[in-house]
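Structure, as structure tokens:
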Amino acid sequence: MLNLRDGNQLPQIGFDTFKLKGAQGVNIIQQALKNGYRALDTAVNYENEGSVGKAIRCSSLQREEIFISSKLPGRHHKYKEAVEEIQESLYRTQLDYFDLYLIHWPNPLKDQYVEAWQALIDAQRFGLVRSIGVSNFLPEHLDRLKKETGILPVVNQIELHPYWSQQQQLKYDREHEIATQAWSPLGRANDVLQDPVIKEIAVQHKKTVPQIILRWETQLGVSVIPKSSSTLRQLQNLALFDFELSKAEVAKIIDLDQKNGRTNNQNPAVYQEF
Ligand SMILES: NC(=O)c1ccc[n+]([C@@H]2O[C@H](COP(=O)([O-])OP(=O)(O)OC[C@H]3O[C@@H](n4cnc5c(N)ncnc54)[C@H](OP(=O)(O)O)[C@@H]3O)[C@@H](O)[C@H]2O)c1
């Protein structure tokens, strides 16, 4: 668990639910809960908050045993719409509160994220959400939240994997007591899974390449939300805490960072998602 500045805790590993929809999605999310995941990440834009809620209700777990996060889409950054969207997210999941709610993207060209942030601050006051955070926020966006509302997020969910290791953003987040959570922690299972340096480290530890990558991220102090629809891979991705990478191995993987390492060229300074 990572301790958050607001006194709550963020699980170091969670299950991302993107693309898991309908009855098949419910089954896979339920399977992840059975396999031991205790944190689920969804978003309004994944159009599966209903499936997440259904999977939780079908499980034998109590609400307080599961950490659930969702995200506000760019089209509802206006204050009133943002508050309503958080309420609608709760109705869709049939939950009374979220453990964490994030602004999905800053959409700086539209420039309404400060208004959206004020809505999240108030939603936390009303008890709709326990912790509030952001996703894909750069230092310039975070500085502005602090300047205009006096309150910084406790979580920043960003793209992070060995080819895009985000050392500067991590430093900023640490200095401001913001926990970093990695999206696409396995680089969307692209060529990073064939990387010879990581493969060699995996052989040394008798682990798989994805396990080495996820362990590296948790050793950087980052929370990870890998997505997998396979039971075997779900279990493998959870089995991270019976070994440790050396400082030299952690540094070797940081060195794999690439200048254009983003998986989909989504630069938050200009990328727009509504
Ligand atoms: N906040 C944001 O703006 C944002 C943006 C993009 C994505 N995300 C979220 O981050 C989540 C994760 O990102 P992602 O799906 O892009 O990438 P990811 O978790 O890095 O990779 C998922 C892919 O890896 C495969 N995989 C998982 N575990 C594996 C293993 N042990 N061995 C081999 N392959 C494995 C999965 O296939 P199988 O399912 O077949 O196992 C899937 O194709 C997404 O679900 C998404 O919701 C957030």
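Just the heavy atoms: all of them, side chains too, but no hydrogens, waters or symmetry mates, feed the values below. Just follow the structure's listing: the first ligand is 1, and inside any ligand the first atom is 1.
In the candidate list A189, G187, A43, S228, S228 is nearest to atom 41 (O) of ligand 1, counting heavy atoms. Comparing heavy-atom distances from atom 44 (C) of ligand 1 across I225, N136, D16 singles out D16 as nearest. Checking K19, Q236, H161, R233 against atom 33 (C) of ligand 1, the nearest heavy atom belongs to R233. Distances from atom 39 (O) of ligand 1 to the heavy atoms of S229, S135, A182 put S229 nearest.
Of the possible donor and acceptor atoms, one in the side chain of N8 sits under 3.5 Å from a partner among the backbone N and O of R130.
A cation-pi contact, defined as under 6.0 Å to the ring centre and within 45° of the axis, links R144 to Y113.
Taking every heavy atom of Q157 and a limit of under 4.0 angstrom, the matching atoms of ligand 1 come to 1 (N), 2 (C), 48 (C).
Cluster partners of L102, by chain and number: L2, L4, L10, F67, L100, V154, V155. The rule joins Ile, Leu, Val, Met, Phe, Trp and Tyr whenever side-chain heavy atoms lie under 4.5 Å apart.
Both V209 and F241 are assigned to one and the same hydrophobic cluster, defined by single-linkage of ILVMFWY side chains at heavy-atom distances under 4.5 Å.
A donor-acceptor pair shorter than 3.5 Å can be found between the side chains of K199 and Q194. Between the side chains of Y271 and E273, at least one donor N or O lies within less than 3.5 Å of an accepting N or O.
Ligand 1 has no N or O atom lying under 3.5 Å from any N or O atom of D41, backbone or side chain. Not a single N or O atom of S230, backbone or side chain, sits closer than 3.5 Å to an N or O atom of ligand 1.
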